[in-house]
Amino acid sequence: MSSSRTGRPPVQRASRRPAVSRPSRENPVQRLYTRARKAWDRPLTAYYLILGGSLLITVLGLVMVYSASQITALQMSLPGSFFFRKQFLAAVIGTVLLLIASRMPVKLHRALAYPILAGAVFLMALVQVPGIGMSVNGNQNWISLGGSFQIQPSEFGKLALVLWAADLLARKQDKKLLTQWKHMLVPLVPVAFLLLGLIMLGGDMGTAIILTAILFGLLWLAGAPTRLFVGVLSVAAFIGFVLIKTSPNRMARLACIGATEPKSGAADCWQAVHGIYALASGGIFGSGLGASVEKWGQLPEAHTDFIFAVTGEELGLAGTLSVLALFAALGYAGIRVAGRTEDPFVRYAAGGVTTWITAQAVINIGAVLGLLPIAGVPLPLFSYGGSALLPTMFAVGLLIAFARDDPAARAALSMRQPRFGRKRAGGAVPARGPRRWNTMRRRAPSARSSGER
């Protein structure tokens, strides 16, 4: 071995290690998508979507009711804030009902199903008694409470049908009776037809359509066979065709679909066309809150059935898309609650409430856009009307209670530490490891239940 000049052996250099290929950095868009997906799959996502979405819709609805109803109130020689104050009072009462419903146990909800159904049927029959029931816009579906306050019992009929049908189907599923078509239809369909008959006696076709949508949503959740489902749907479609064909008013509304002129033949499409005018003049960001032109007597029912048109005119496309996104989030959260529960009653009740709110929103917005006939139904949680707001907020409270009752959501809520509270013993807070969120996915049962599709 050769030595160096200093007499020391040469230093042998260590061989370099082969370069390890580092993983490529994650795409920012993909990283954002991964984080959003993890947040979306957390146990409390449905709870926050239902609570936050419903409150945002209600608050924005109060703002738009105040803006859209001022001119109507002044034309009636009333204070400009008249309708807003009534809607605000209904929202306060509805918030109390929401909180009560969200804290009630499932057993108490099931116990209230039959009393609510009996009360709704009694009030809906009372509407037809002369001297008690009153007519509004040609529909005999109201009861006067004195002064300027009225109640529409058919709105509470939606809540009654959801609770009673969910309890009925859950009990039959526990006894494994839903595999027989007669147990699936009786007494669900006869009772639903009783409610529909009481509604149609007053001429309220729009509410009848919503009730029919709830019925079919419940049958679908119960796993109705295709032949049975199509049969009931055919009967309902035939009855609806006869009711529309025999009514000139309903035929005129049907003729206004896609109308671009206030007069379309024998039908007067003034309301439908001016709703399109309001949406078209809003542009991207609208003309400004309170600056609507159509609400100055051109657009009938600007604060009730056509409040979405005023929203489009004052808040523009951005405002209408925000409202649509809130309803879409609320609908998704309801479907998630119904799909990830093991309790049959919760599945049917959550599915019925989601069908109710989603179908009513689609029918109202579709009529404003000129894609559907004007059915005279309000936009849930948004339009003016205490009779529609109170049961809807109670139904939202049901969804909140069901979302909180999920085992994974209960565990997540119990893990949350109070922001202001007593410290642990010793004053030291133990370090936490990475939190693992359990999802709310349903365990695959050994046998396919009748409520799954």
Side-chain angles (χ1 to χ4, degrees), residues 90 94 116-117 119-128 132-144 150-165 188-218 233 236-237 239-244 246-247 249-250 253-254 271 301 303-308 327 352-368 372-396:
I116 293 178
L117 177 65
V121 171
F122 174 75
L123 291 177
M124 291 167 68
L126 202 64
V127 168
Q128 306 304 323
I132 298 179
M134 58 180 299
S135 177
V136 177
N137 294 332
N139 293 336
Q140 184 80 13
N141 281 307
W142 298 81
I143 295 177
S144 177
Q150 303 93 24
I151 185 174
Q152 188 177 3
S154 57
E155 293 291 340
F156 295 88
K158 304 172 187 176
L159 177 64
L161 178 62
V162 168
L163 285 177
W164 175 80
L188 174 60
V189 175
V191 171
F193 279 7
L194 171 64
L195 295 175
L196 288 171
L198 291 173
I199 293 173
M200 289 308 301
L201 282 177
D204 191 356
M205 186 74 177
T207 305
I209 294 175
I210 305 300
L211 213 66
T212 305
I214 296 173
L215 173 62
F216 285 115
L218 291 169
L233 181 61
I239 296 175
F241 173 78
V242 172
L243 292 174
I244 294 174
T246 55
S247 173
N249 182 33
R250 296 179 187 132
R253 293 186 179 188
L254 195 65
Q271 186 179 24
E301 307 297 334
H303 60 296
T304 54
D305 302 343
F306 271 69
I307 194 172
F308 188 76
F327 276 109
V353 171
T354 306
T355 304
W356 163 13
I357 296 177
T358 306
Q360 187 164 328
V362 168
I363 291 173
N364 178 276
I365 296 174
V368 174
L372 295 174
I374 300 174
V377 296
L379 190 59
L381 302 172
F382 201 83
S383 296
Y384 169 79
S387 294
L389 184 62
L390 295 182
T392 307
M393 294 193 74
F394 186 90
V396 171

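Below, all heavy atoms of this structure are taken into account, side chains as well, without hydrogens, waters or symmetry copies.
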Examine distances only and state if a side-chain atom of [X] and a backbone atom of [Y] form a donor-acceptor pair shorter than 3.5 Å.
| X | Y | answer |
| --- | --- | --- |
| Gln140 | Gly203 | no |
| Ser387 | Gln152 | yes |
| Thr246 | Val242 | yes |

Measure the spacing between [atom1] of [X] and [atom2] of [Y] and express it to the nearest 0.5 Å.
| X | Y | atom1 | atom2 | value |
| --- | --- | --- | --- | --- |
| Ile307 | Tyr384 | CD1 | OH | 11.5 Å |
| Phe156 | Ile116 | CZ | CD1 | 10.0 Å |
| Phe382 | Thr392 | CZ | OG1 | 14.0 Å |
| Phe241 | Arg250 | CZ | CZ | 13.5 Å |
| Ile363 | Ile374 | CD1 | CD1 | 13.5 Å |
| Leu379 | Ile365 | CG | CD1 | 5.0 Å |

Taking the side chain as C-beta and beyond, is there a heavy-atom pair between [X] and [Y] under 4.5 Å?
| X | Y | value |
| --- | --- | --- |
| Val127 | Pro153 | yes |
| Leu188 | Leu215 | yes |
| Asn364 | Gln360 | no |
| Phe327 | Pro380 | yes |
| Pro378 | Thr304 | no |
| Leu233 | Phe216 | yes |
| Met205 | Ile209 | yes |
| Val396 | Leu381 | yes |

Let's go through Leu117 and Leu163 carefully: what are the C-alpha distance in whole Å and the side-chain angles of both, what is the deciding distance for side-chain contact (heavy atoms from CB on, under 4.5 Å) to 0.1 Å, and is it a yes or a no? CA-CA 8 Å; Leu117 177 65; Leu163 285 177; over 6 Å; no
Take Leu159 and Phe394, measure what side-chain contact (heavy atoms from CB on, under 4.5 Å) needs, and give me the verdict at the end. CA-CA 8 Å; Leu159 177 64; Phe394 186 90; 3.6 Å; yes
Under a 3.5 Å threshold, yes or no: a donor from one side chain and an acceptor from the other, between Asp305 and Gln271? no
Leu161 and Trp356: CA distance, side-chain angles, deciding distance, side-chain contact (heavy atoms from CB on, under 4.5 Å) verdict: CA-CA 10 Å; Leu161 178 62; Trp356 163 13; over 6 Å; no
Write down the atom of [X], the atom of [Y], and the distance for their closest heavy-atom approach.
| X | Y | result |
| --- | --- | --- |
| Met134 | Ser144 | SD-CB, 3.6 Å |
| Ala236 | Thr212 | CB-CG2, 4.3 Å |
| Ile214 | Gly352 | CG1-O, 4.3 Å |

For residues 191-202, dump all side-chain donor-acceptor pairs below 3.5 Å to protein atoms at least two apart in sequence or in another chain.
none

